[in-house]
Amino acid sequence: MPELPEVETVCLGLRARVRGFTVDRVTARRPGLRFPFPADLAERIAGARITAVRRRAKYGIIVLADAPAVLFHLGMSGRIVLEPPPYPPPGPHDHLALELVSASGAQLRLTFRDPRRFGLVDLLPGGADAAHPRLRELGPEPLDITGPELRAVLRGRAAPIKAALLDQRVVAGVGNIYACEALFRARISPRRRAGTVGPRRAEALAAGLRSVLADAIRAGGSTLRDHAQIGGEAGWFQRELLVYGRAGEACIACARPIRQFRQGGRSTFHCPACQR
DNA sequence: ATTGGTTCCTGCTGGC
DNA sequence: TGCCAGCAGGAACCAA
């Protein structure tokens with residue numbers, strides 16, 4: 001499940017390998033994913049040179065010179081596969097491919113693969129985040145959020161803090177796994193009303209978010225089912241998860257069992273003794 | 001306005 | 001051992 005660290009890992013891998021390459025050919029094998037691909041996708045980016053790859057929340061952005069940027073979201077099961085020739089035939093879930101060529105003639109094929117098709121590929125005209133409705137509404141990046149910033153976006157909210165962290169308009173890029181982990185690191189109950197997080201807890205939660213996300217990026221993300229780095233390598237942060245997926249196991253702090261319950265249709269993992 | 005519930009989709013898992 | 005129901009979840013959408 002790609003969250004911020006997984007998308008960051010993918011973007012770092014892409015940046016290192018495709019910057020300077022030119023889009024040679026665009027092949028869509030279906031009309032779209034969650035949303036239709038732009039009708040004129042191929043015409044608008046063909047021939048354009050990749051100048052940068054960046055991330056906003058869980059979105060990746062491939063920046064092109066003199067063309068709209070390519071915006072992508074990996075949804076639940078999406079991954080990006082980058083491979084040199086000879087290109088194997090596309091698999092059943094390889095929905096879109098960009099064939100790239102460098103100035104020296106090197107070739108790479110960039111494939112959007114997404115079995116569950118919760119992902120998205122769109123264009124970002126002008127390259128400015130505000131130009132896209134899905135980016136415009138996003139909250140602050142949690143990777144470098146401060147306690148006061150976090151407290152400000154949580155203020156007045158009656159929803160449980162866990163639900164608030166998953167709301168991309170509150171904080172952008174946190175998903176179910178890292179929400180659980182950050183709350184555990186901060187020793188805050190997932191049931192606590194967001195608005196009751198005061199300065200001390202906000203400081204702890206901001207630190208929990210920053211540290212868990214940075215640690216996960218360092219480990220190449222978490223590979224539970226679907227995530228892979230560019231080139232197919234797994235991420236390893238799932239080994240360092242302290243509560244997510246560990247129902248019944250001993251809490252590392254107090255040795256009492258980690259509990260699981262459903263919150264807004266999502267599984268929440270926590271230690272009822274440590275988290276208040 | 002905010003919040004909670006439902007839906008999309010396929011692959012994996014667990015219980016029989 | 002094999003089958004299949006149920007679960008996994010990001011976020012748009014809808015209803016309250």
Side-chain angles (χ1 to χ4, degrees), chain A residues 1-11 29-37 55-61 71-81 90-96 111-122 129 132-139 141-142 152-183 190-197 213 216 221-228 232 234-235 237-238 241 243-248 260-269:
Chain A
M1 306 108 202
E3 301 183 26
L4 186 155
E6 290 72 34
V7 179
E8 179 71 12
T9 297
V10 166
C11 287
R29 302 187 63 244
R30 59 161 43 250
L33 296 169
R34 268 181 81 81
F35 304 98
F37 298 134
R55 179 193 59 75
R56 171 73 172 111
K58 299 176 198 171
Y59 292 87
I61 300 169
L71 177 74
F72 66 88
H73 192 295
L74 299 174
M76 264 289 296
S77 58
R79 62 169 69 180
I80 286 182
V81 180
H93 304 303
D94 293 346
H95 308 303
L96 182 71
T111 301
F112 293 87
R113 176 177 300 167
D114 186 5
R116 270 168 266 187
R117 305 209 295 272
F118 282 13
L120 165 159
V121 177
D122 202 358
D129 289 3
H132 200 283
R134 303 187 197 289
L135 300 184
R136 199 178 301 141
E137 307 277 316
L138 293 171
E141 286 284 325
V153 295
L154 296 176
R155 186 170 292 143
R157 292 194 169 262
I161 182 65
K162 163 79 184 315
L165 290 177
L166 293 181
D167 187 333
Q168 302 299 297
R169 294 164 301 185
V170 175
V171 163
V174 180
N176 202 38
I177 297 171
Y178 298 108
C180 291
E181 293 297 313
L183 285 168
R191 299 186 213 259
R192 172 173 285 279
R193 304 272 134 189
T196 71
V197 171
L213 295 171
S222 297
T223 298
L224 293 180
R225 287 185 178 79
D226 302 297
H227 166 67
F237 191 70
Q238 67 277 11
L241 298 176
V243 288
Y244 185 86
R246 309 188 79 92
Q260 174 181 8
F261 69 105
R262 295 192 79 73
Q263 222 174 3
R266 302 280 171 273
S267 276
T268 294
F269 297 88

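Below, chains carry the letters A, B, ... as their sequence lines are ordered, and counting in each starts from 1. Heavy-atom basis, side chains included; hydrogens, waters and symmetry copies ignored.
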Asks: Answer with base, sugar-phosphate or nothing: what part of the nucleic acid does A:Ala163 contact at a heavy-atom distance below 4.0 Å?
Replies: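 The residue A:Ala163 makes no contact with any strand.
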Asks: Are any of A:Arg113's side-chain N or O atoms less than 4.0 Å away from OP1 or OP2 of B:dG11?
Replies: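 Negative; the distance criterion is not met.
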Asks: Any donor-acceptor pair under 3.5 Å linking the side chain of A:Gln168 with the backbone of A:Gly173?
Replies: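 Yes, A:Gln168 side chain to A:Gly173 backbone: donor-acceptor pair under 3.5 Å.
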Asks: Would you kindly give the NE2-to-C1' distance between A:His73 and C:dG9, to the nearest whole Å?
Replies: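 Rounding to the nearest Å, NE2 of A:His73 and C1' of C:dG9 are 11 Å apart.
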Asks: Take the C1' atoms of the five end pairs on each side of the helix from B:dT2-C:dA16 to B:dC16-C:dG2, derive the two axes, and give their angle rounded to 10 degrees.
Replies: 50°
Asks: What is the nucleic acid contact for A:Arg169, judged by heavy atoms within less than 4.0 Å: base, sugar-phosphate only, or nothing?
Replies: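 The answer is base, as A:Arg169 lies within the cut-off (heavy atoms under 4.0 Å) of a base atom.
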Asks: When you measure from the side chain of A:Gln263 to the backbone of A:Lys162, do you find a donor-acceptor pair of N or O atoms at a distance under 3.5 Å?
Replies: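 Pair absent, no side-chain N/O of A:Gln263 close to backbone of A:Lys162.
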Asks: Taking only side-chain N and O atoms of A:Ser77, does any of them lie within less than 4.0 angstrom of OP1 or OP2 on B:dG11?
Replies: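 For B:dG11, neither OP1 nor OP2 has a side-chain N or O of A:Ser77 closer than 4.0 Å.
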Asks: What's the separation between atom CD in A:Glu6 and atom CZ in A:Arg55, rounded to the nearest 0.5 Å?
Replies: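 Spacing of CD (A:Glu6) from CZ (A:Arg55) equals 11.0 Å.
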Asks: Starting at the 5' end of DNA chain C, which residue's closest nucleotide do you reach first, A:Leu120 or A:Phe269?
Replies: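 Comparing both residues, the 5'-ward one is A:Phe269.
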Asks: Taking only N and O in the side chain of A:His93, is any of them less than 4.0 Å away from OP1 or OP2 of B:dG11?
Replies: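 Looking at the OP1 and OP2 atoms of B:dG11, one of them is under 4.0 Å from a side-chain N or O of A:His93.
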Asks: For A:Arg266, report the nucleic acid contact type (base, sugar-phosphate, nothing); a contact means any heavy atom under 4.0 Å.
Replies: base
Asks: Is the backbone N or O of A:Leu241 less than 3.5 Å from a side-chain atom of A:Arg246, with the two atoms forming a donor-acceptor pair by type?
Replies: yes
Asks: Identify the residue among A:Thr196, A:Val170, A:Val197 that makes a side-chain contact (heavy atoms from CB on, under 4.5 Å) with A:Ile161.
Replies: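 Single pass found, and it is A:Val197.
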Asks: Using atom types as modelled and distance alone, determine if a side-chain donor or acceptor of A:Glu8 lies under 3.5 Å from a backbone N or O of A:Ala57.
Replies: no
Asks: Answer with base, sugar-phosphate or nothing: what part of the nucleic acid does A:Arg34 contact at a heavy-atom distance below 4.0 Å?
Replies: base
Asks: Any sub-3.5 Å donor-acceptor pair from A:Arg29's side-chain atoms to A:Asp94's backbone N or O?
Replies: yes
Asks: Does A:Arg116 place a side-chain N or O at less than 4.0 Å from the phosphate oxygens OP1/OP2 of C:dG10?
Replies: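 No, because none of the side-chain N or O atoms of A:Arg116 sits under 4.0 Å from OP1 or OP2 of C:dG10.
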Asks: Between A:Asn176 (CG) and C:dC7 (P), how many Å, whole number?
Replies: 15 Å
Asks: Between C:dA11 and A:Phe118, is there a base-stacking contact, meaning the centre of the base's six-membered ring lies under 5.5 Å from the residue's ring centre while the planes stay under 30° apart?
Replies: no
Asks: If only side-chain N and O atoms of A:Gln260 are considered, is one of them under 4.0 Å from the OP1 or OP2 phosphate oxygen of C:dA8?
Replies: yes
Asks: When the distance from CG of A:Asp114 to C1' of B:dC9 is rounded to whole Å, what number comes out?
Replies: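 A:Asp114 atom CG is separated from B:dC9 atom C1' by 9 Å.
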Asks: Rounded off to whole Å, could you give me the CD1-to-P distance for the A:Ile161 and B:dG4 pair?
Replies: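 That distance rounds to 13 Å.
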Asks: Expressed in angstrom and rounded to an integer, what is the separation of A:Asp167 atom CG from B:dG5 atom C1'?
Replies: 15 Å
Asks: Atom CG of A:Leu33 and atom C1' of C:dA12: how far apart are they, to the nearest Å?
Replies: 15 Å
Asks: Which atom names give the shortest non-hydrogen contact between A:Lys58 and A:Leu4, and what distance separates them?
Replies: CG-N, 4.1 Å
Asks: Given atom CE of A:Met76 and atom P of C:dG10, what is their separation to the nearest angstrom?
Replies: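 My rounded result for the distance is 7 Å.
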Asks: Within this structure, what is the CZ-to-P distance between A:Arg134 and C:dA12, rounded to whole angstrom?
Replies: 5 Å
Asks: Could you check A:Gly265 against A:Arg157 and say which one's nearest nucleotide on DNA chain B is further toward the 5' end?
Replies: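 It is A:Arg157, whose closest nucleotide lies nearer the 5' terminus.
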